[in-house]
Student: 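Let me begin by handing over the structure; questions about it come next.
Remember, it's 1-based here, ligands and their atoms both numbered in the order they're listed.
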Amino acid sequence: MKNKTTVIGAGNVGATVAQRLAEKELCDVVLIDIVEGIPQGKSLDLAEAAPIEKHDARLCGTNDYEASKDSDIIIITAGIARKPGMSRDDLISTNAKIMKGVTEQVTKLSPDAIIIIVSNPLDAMCHIAFDTSGFPKNRVIGMAGVLDSARFRAFISMELDVSVENIHALVLGGHGDTMVPLPRFSTVAGIPITELMPRDRIDSLIKRTRNGGAEIVGYLKTGSAYYAPASAAVEMAESILKDKKKILPCAAYLEGEYGINNLFIGVPVKLGANGIEEIIQIDLTSDEDEALKNSAKAVEKLVADLKKLE
Ligand code: APR
């Protein structure tokens, strides 16, 4: 294949990302993990599925970063996942160390790559990758809004019994309890959901979306969601690799947009060959703006906690 993506962390999310990238024939995939045997075994297993799935993506699993050299995209999923009773923020001290080490190693070998962060707590991990890599802000992007919006879309589809393909939704803010689903910009065949559902139903779908990750952790008990997170990361990678210029909600480094400064937070961005090619600014109502600022405060607190860990 012409393009190469390195996926770091060959666990549930990382292996599913590798599978989807290969099966969509988007790029060759290098899968890296700290545990010996896991990336090798999973990538070989995926390569053996290729004749049946009919793709020619090359898969390589390794513990050695050398294989990642000159990647176009780096997707970081390394870290621990949460267990029942844990919030994403509880992962911060362990995952901060992992994120720093991984970013140092991988960016040395691929100085022109675009990084997509998946590890949690997402917005804080973006700050570490940004500071450690020294990459420009258009090349460090967090995966959260695509996932949160997909969850909202799935719940809208279940509620109205309509095709998911008809549904667009927009969720802004940090990837946590303060995320900001925006019903005004969430539509079914172009019709805002505010025209199709009473306010109390919308509120309950918003609540379920905010709790979407925890709902899955509650079922799985030993880990967190991975199919939808992997799909979301791959949609972002696809838009970059094919220069599709999709508008997707992603964690981006803001410098004044939405009145927020020096912070990664979820906003609509245009994703193309240069990573974040534009941050789309929409006028928010005062309630929406207040909810976004409230979410930004929660992310600021996490970033301050990171500084204390240093
Ligand atoms: N370098 C490379 N890989 C590492 C490192 C490291 N320093 N530390 C841990 N890993 C690997 C683990 O060995 C494991 O294979 O990261 C992988 C994580 O996989 P899982 O435990 O299955 O977790 P997963 O569900 O994939 O979630 C990963 O994504 O969605 C977020 O909150 C989630 O932070 C978590 C991350």
Student: Please state which protein non-hydrogen atom is closest to atom 24 (P) of ligand 1 and give its distance, to 0.1 Å?
Tutor: Val13 CG2, 3.7 Å
Student: Could you tell me if Arg82 and Ser87 have a donor-acceptor pair between their side chains, going purely by distance under 3.5 Å?
Tutor: no
Student: Among all protein heavy atoms, pick the one closest to atom 23 (O) of ligand 1 and tell me residue, atom and distance.
Tutor: Ala81 CB, 3.7 Å
Student: So which heavy atom in the protein is nearest atom 33 (C) of ligand 1, and how far is it from that ligand atom?
Tutor: Asn120 ND2, 3.8 Å
Student: Among protein heavy atoms, which lies nearest atom 22 (O) of ligand 1, and at what distance?
Tutor: Asn12 N, 2.9 Å
Student: Could you check which of Ala228, Gly11, Gly79 puts a non-hydrogen atom nearest to atom 16 (O) of ligand 1?
Tutor: Gly79
Student: Note the single closest protein heavy atom to atom 14 (C) of ligand 1, along with its residue, its atom name and the distance in Å.
Tutor: Asp33 OD2, 3.4 Å
Student: Mark yes or no for whether Glu257, through its side chain, and Glu255, through its backbone, hold a donor-acceptor pair below 3.5 Å.
Tutor: yes
Student: Can a donor-acceptor pair be found, under 3.5 Å and without considering hydrogens, that links the side chain of Ser110 to the backbone of Ser68?
Tutor: yes
Student: Yes or no: does Ile38 have any heavy atom under 4.0 Å from an atom of ligand 1?
Tutor: no
Student: Side chains of His168 and Arg153 only: does a donor on one sit below 3.5 Å from an acceptor on the other?
Tutor: no
Student: So which bit of Ala78 gets within less than 4.0 Å of ligand 1, heavy atoms only: side chain, backbone, both or neither?
Tutor: both
Student: List every atom of ligand 1 that sits less than 4.0 Å from any heavy atom of Val35, numbering the atoms from 1 in the order shown and giving each element.
Tutor: 13 (O)
Student: Counting only heavy atoms, tell me which of Ile34, Ile80, Leu31 gets closest to atom 34 (O) of ligand 1.
Tutor: Ile80
Student: At less than 4.0 angstrom from any non-hydrogen atom of Asn95, what atoms of ligand 1 do you find?
Tutor: 34 (O)
Student: Give me the residue, atom name and distance of the protein heavy atom closest to atom 8 (N) of ligand 1.
Tutor: Ile98 CD1, 3.5 Å
Student: Please list, chain by chain and in numerical order, all residues satisfying side-chain hydrogen bond (donor to acceptor under 3.5 Å, both in side chains) with Ser204, sequence neighbours excluded.
Tutor: Arg201
Student: Identify the protein heavy atom lying closest to atom 36 (C) of ligand 1, giving its residue, its atom name and the separation to 0.1 Å.
Tutor: Thr77 O, 3.3 Å
Student: Any chain of hydrophobic side-chain contacts (each under 4.5 Å) joining Ile75 to Phe135?
Tutor: no
Student: At a 4.0 Å threshold, what atoms of ligand 1 neighbour a non-hydrogen atom of Gly9?
Tutor: 16 (O)
Student: Group every Ile, Leu, Val, Met, Phe, Trp and Tyr by side-chain heavy-atom contacts under 4.5 Å, then state whether Ile76 and Met236 land in the same group.
Tutor: no
Student: Could you tell me if Asp33 and Gln40 have a donor-acceptor pair between their side chains, going purely by distance under 3.5 Å?
Tutor: no
Student: For ligand 1, indicate whether the residue Val102 contacts it via side chain, backbone, both or neither (heavy-atom separation under 4.0 Å).
Tutor: side chain
Student: Can you name the side-chain contact (heavy atoms from CB on, under 4.5 Å) partners of Lys246, sequence neighbours left out?
Tutor: Glu235, Ser239, Lys244, Leu248
Student: Could an N or O of ligand 1 be found under 3.5 Å from any N or O of Ser119, whether backbone or side chain?
Tutor: no
Student: Start with the C-alpha distance between Phe264 and Phe130, add both sets of side-chain angles, then the distance that settles ring pair (Phe, Tyr, Trp, His ring centres under 6.0 Å), and finish with yes or no.
Tutor: CA-CA 10 Å; Phe264 273 91; Phe130 183 54; 5.5 Å; yes
